[in-house]
Each structure stands twice: as structure tokens, then as C-alpha cells.
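Each chain gets a letter, A, B and so on, in the order its sequence line appears, and its residues count up from 1.
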Protein chains: 2
Amino acid sequence: MAAYDHPDPATFELTVVLRALADPARLEIVRHLARVGEANCATLIGTRPKSSMSHHFQVLRDSGILRTRIEGAQHRNSLRREELDTRFPGLLTAVLNAP
Amino acid sequence: MAAYDHPDPATFELTVVLRALADPARLEIVRHLARVGEANCATLIGTRPKSSMSHHFQVLRDSGILRTRIEGAQHRNSLRREELDTRFPGLLTAVLNAP
DNA sequence: TGCCTTGTTCGAGTTGTGTCGAACAATATG
DNA sequence: CATATTGTTCGACACAACTCGAACAAGGCA
């Protein structure tokens, strides 16, 4: 499978990032990745079907919040913390620290 | 006209706040209020009709982002910076500093 | 009282977004 | 090769959200 396209930090859009974070399922994914560093999709699926998860990962990827690295049959996801913090200083930290 | 109900900071929901901020029109309103401190609705209307603006103000008010003070026929809006920062430290600042 | 200003409310229309099953693609593994 | 595992893609559906005109309410003012 071909590698994913990840947007350049200079093109990150605030409204797009905020909208990506404004969903409970995606917020959960982001919080989980912040804890474990890297995870494949399967370990992040709770009760939701794969197709729903795939959708959420795409939204997060397209907004610039996470990157997906392909290793064999697995897709390893991790937060793009540095890039995000360069473009929107303090934003991700504030979201992760929020109750 | 009766005063508005403003939610208690303890009940602010992160996803609700993020969704409220994730709209270009509302982000513009928030940025404007950050500059001028307080403003009535009329001065914030660009080309959009009043009914659209009223909707956006309600979303911002219900999420806890701004408060509306009634003075005669005018509704004066201002950001709830302290309350927001108590509940979600650094969030509003990060959003306001973002490009 | 009559009129203007300021905003809200209502209803309809349109678009956007999340959800999910089914089919598909790619990679391991026996 | 056959099969299981991991994710994506597609299509359809439901629901939430934005937009906007029209009608309404409340204040200020002549």
C-alpha cells in the first residue's frame, strides 16, 4: 500500500484542526496517542466498526494532527506534536490538559 | 428583555467549546472581541444577515465562550476569558495567537 | 403615539458530518 | 496457495449545523 499524504505544517488551518478535535471519538484517539506514543488502528477501536475509525483517522490525518506510518499490514499512528506546536503554539497541550 | 443564561464554568464541555470555535464566522467574532473588549452585535455583523449572527452568538454563549450583557436595546458581548482559562488553561490564548 | 434601531425566533432549505455494512486491497502466515 | 489480519473505500442513511428571509419583541426618541 502506498504511503499517505501528510499536509505541510504551513498549510494547517485552525478551523480544520479545531473541527477535527471537536469530536468525542477523535478526541479519545488523540488522548490515547498522547499516552502511548504510537498505536495502530486496531488497538484504538473500541466498540466502533472499522469503517468509522478509518474515517476519523483520515480526518485527523488530513488536518495535520497525526501521521500514519505503514509497517507491513499495520498502520502506526502518532501525533505530530512538534509540527502542530510550531504552527499553533500551546493548542494541543491545552487540549490534552483539559478535563 | 430578560437577561441571558450563561453556563457555569464547571459545566463547560471541551468538545462543545472546540466546535463553537471551529467556525470561521464565530472565530472572527471571538478575535474581534479579544481586540475591542466589548461590542454589541450590530458592530460585528459583516455582510451576514442578523439571524445568522444571532445564531452564532447563541452558540458562543451556550458554550461559555462569551457573555452578553443587556444595556437598553443593545446587547454587549465580551469574552469570558478568566472563566475559560480556569476551566481550559491556555486554550483561548492558543486560539487567539494562532495564524 | 409613531417610527426607527437592535436582536431574537421561527421555519424552510441546503450542506456537512458521523455511522455502519459490504466489498475490496495488501500483507502476513501456515 | 489458502486463509486470516489490518485497514480502506463505497454507498446509503440519519442527524446536526449553517444560512437566510420574514415576522416578532423591546427600547429609545421625536
Legend entry - Any A:Y4 side-chain N or O less than 4.0 Å from OP1/OP2 of D:dG7: no

Inset, instruction - Using only side-chain N and O atoms of A:N40, determine if any of them is under 4.0 Å from OP1 or OP2 of D:dT6. - result: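 Result: no.
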
Legend entry - Distance under 6.0 Å and angle within 45° of ring axis: A:R61 vs A:Y4: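 A:R61 over A:Y4 ring: yes.
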
Find the distance [X]:[atom1] to [N]:[atom2] and express it as a whole number of Å.
X: B:R69; N: C:dT6; atom1: CZ; atom2: C1'; result: 15 Å
X: B:R76; N: C:dT6; atom1: CZ; atom2: P; result: 11 Å
X: B:M53; N: D:dC20; atom1: CE; atom2: P; result: 10 Å
X: B:Q58; N: D:dC18; atom1: CD; atom2: P; result: 11 Å
X: A:K50; N: D:dT5; atom1: NZ; atom2: P; result: 11 Å
X: B:I70; N: D:dG28; atom1: CD1; atom2: C1'; result: 15 Å
X: B:I45; N: C:dT8; atom1: CD1; atom2: C1'; result: 12 Å
X: B:E71; N: D:dA26; atom1: CD; atom2: C1'; result: 15 Å

Legend entry - Nearest heavy-atom neighbours spanning B:A94 and A:P89: CB-O, 3.5 Å

For the backbone of [Y] and the side chain of [X], can you confirm whether one donor and one acceptor N or O come within less than 3.5 Å of each other?
X: A:N77; Y: A:L66; answer: no
X: B:R76; Y: B:E38; answer: no
X: B:T11; Y: B:P7; answer: no

Legend entry - Matching residue for B:M53 among B:R26, B:Q58, B:R48 - test: side chain to side chain contact (heavy atoms under 4.5 Å, CB included): B:R48

Inset, instruction - Sugar-phosphate means primed atoms, P, OP1 and OP2; the rest is base. With that split, encode nucleotides 10-20 of chain C 5' to 3' as B, S or - using protein heavy atoms under 4.0 Å. - result: -------SSBB

Legend entry - Ring-ring centroid check A:F57 A:H75, cutoff 6.0 Å: no

Inset, instruction - Take B:G72 and A:Q74, find for each the nucleotide of DNA chain D with the closest heavy atom, and name the residue whose nucleotide sits nearer the 5' end. - result: A:Q74

Legend entry - Selected nucleotide, minimal atom distance to B:S54 side chain, candidates C:dT6, C:dT8, C:dG7: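 So the nucleotide nearest the side chain must be C:dT8.
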
